[in-house]
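For reference, the structure discussed in these notes is given below.
No experiment lies behind these values; they were computed from the predicted model shown. Reminder, nothing fancy here: chain letters follow the sequence lines and each chain counts from 1.
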Amino acid sequence: MSMLSDFTKGIWKENPVLVLLLGTCPTLAVTSSATNGLGMGLATTGVLFGSNLVISLIAGIVPKKVRIPVYIVVIATFVTIVDLLMKAYAPPALYAALGIFIPLIVVNCIVLGRAEAFASKNGPVRSMLDGVGMGLGFTLTLTMLGVLREFLSTGAVFETKIITAWTTDFLLPSAAPGAFILVGSILALKNYSNYRKAVKAGKLYVPPKGLDCRHCNICSAHLEEDEK
Amino acid sequence: MNLKNTENFFVLGLFLAVLGLISAVLLAVFSDIVSEPIAAAELRTTNEALRQILPAFDNQPSENKLMLRQGDMEITFMGAVKDGKLIAVAASGACKGYAAPVQGLIGFDLDGKIRAVLITKQNETPGLGANVCQRQFKKTIFNLFEKRPEGIAPNSFLDQFNGKSAVKGKNWKVRKDGGRIDYVSGATVTSRAITELADSVAQCFLANRAEIIAKLSPAGGNEK
């Protein structure tokens, strides 16, 4: 695979939210407004970049038996750094809105998933590209979802009213159930378009290789190696 | 020795210990570096809030403060000084809200009249309880590039308290509880919490007014 596709695959083909279905907790919880989605996405991108880089560098010496705790320590270090940076330099309203979800990036499956599935097996440059690509894919999806939810509930985008006559908030999209409904609809649309594409080409629709449950390389890769 | 495939218990433990140590040292150094910007950012946030509810002042109110207790609520009074005279007092307290404590900042004139109520920290339901707490100027695409208006943004629930002063033995209550404060339907719990918060703080100010003014006045000023 070329370097470019390492970077771009996270944005659409292997989008962490819409294809890998990772990191659903922050996706549903913080995207009640576009600003929050963007802030959360950028924070996660920063962590992904740092953790992927360091993990790809140390992967050669990490004992296999303790690799998960090692990855968690590395990720937690970067999350704490991002948290402190946001406390110091991010707008106070954004930091207050994201609150507990910044420390929770530690247990975000995207970060650990990329460490295990990509950074531990590839060199630092490709891992960095992968981290930033995945992070940007996450950021774009979260921002899009935030824009949708904010617009559907208040008629505003980035706290700026587009439809000025919209005075009473419609609460469903800004609450958790609305997020589930929207994410579900987007997933259905994406799968349907993939299915249509396959049918038009006269083929049977199969999920991207390595991404369905049987072939998912995130949790089974090391098991296969052990079996050998 | 092959570190990658080792199963030696002590080597594994040592590896984790060394990694933890490196990470701890890194974080200690980093948090030391950013501690100053963090303190500055916090001070900026506090002053931003204080400037909204107090008249123009020239001291640092968050350093000119007095802690008092009212029931089980801890209230911090902060004095705003201008030209060596105490001109107004801000009080901050917290009260149980719907989800998490609601933290408020209330500005008082020296005679006990409330200048404005500002909610500084809340985690109420977005769209319902949160609307009761938020003061925000409406931004639209039509006034995006206009200058933001000066002063404090309106909020019809919080503005009810403006100009009120506490009366001894008479607590403020929302209409649902037989009081005279209008509450927002769908956000009764939050309305109640803020009313209780404002009431406790105002009662505390009423009961301890002499002490507060004496303690917060700069030496030599405010003799009446």
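- Ranked by non-hydrogen atom pairs under 4.5 Å with chain A, the options B:G20, B:A24, B:S23 are led by B:S23.
- A:L84 touches chain B through backbone and side chain together, each having a heavy atom under 4.5 Å away.
- Within the 4.5 angstrom heavy-atom criterion, only side-chain atoms of A:Y89, from C-beta onward, approach chain B.
- Heavy-atom pairs under 4.5 Å with chain B were tallied for A:V70, A:I163, A:D169; the largest tally goes to A:V70.
- Looking at B:T45, the atoms closer than 4.5 Å to chain A (heavy atoms on both sides) all sit in the side chain, from C-beta outward.
- For residues 173-195 of chain B, the salt bridge (Lys or Arg N to Asp or Glu O under 4.0 Å) pairs, not counting sequence neighbours, are B:R175-B:D182, B:D177-B:R192.
- If you measure heavy-atom distances from A:A97 to chain B, you find no contacts under 4.5 Å at all.
- For residues 134-159 of chain A, a heavy-atom distance under 4.5 Å to chain B picks out A:F158, A:E159, given by residue number.
- The stretch residues 31-47 of chain A places none of its residues near chain B, where near means some heavy atom under 4.5 Å from a heavy atom of that chain.
- Between the side chain of B:N123 and the main chain of B:A100, no donor-acceptor pair closer than 3.5 Å is present.
- Here B:R44 pairs with nothing under the salt bridge (Lys or Arg N to Asp or Glu O under 4.0 Å) rule; sequence neighbours left out.
- Looking at A:R67 and A:E116, a side-chain N of the basic residue comes within less than 4.0 Å of a carboxylate O on the acidic one, giving a salt bridge.
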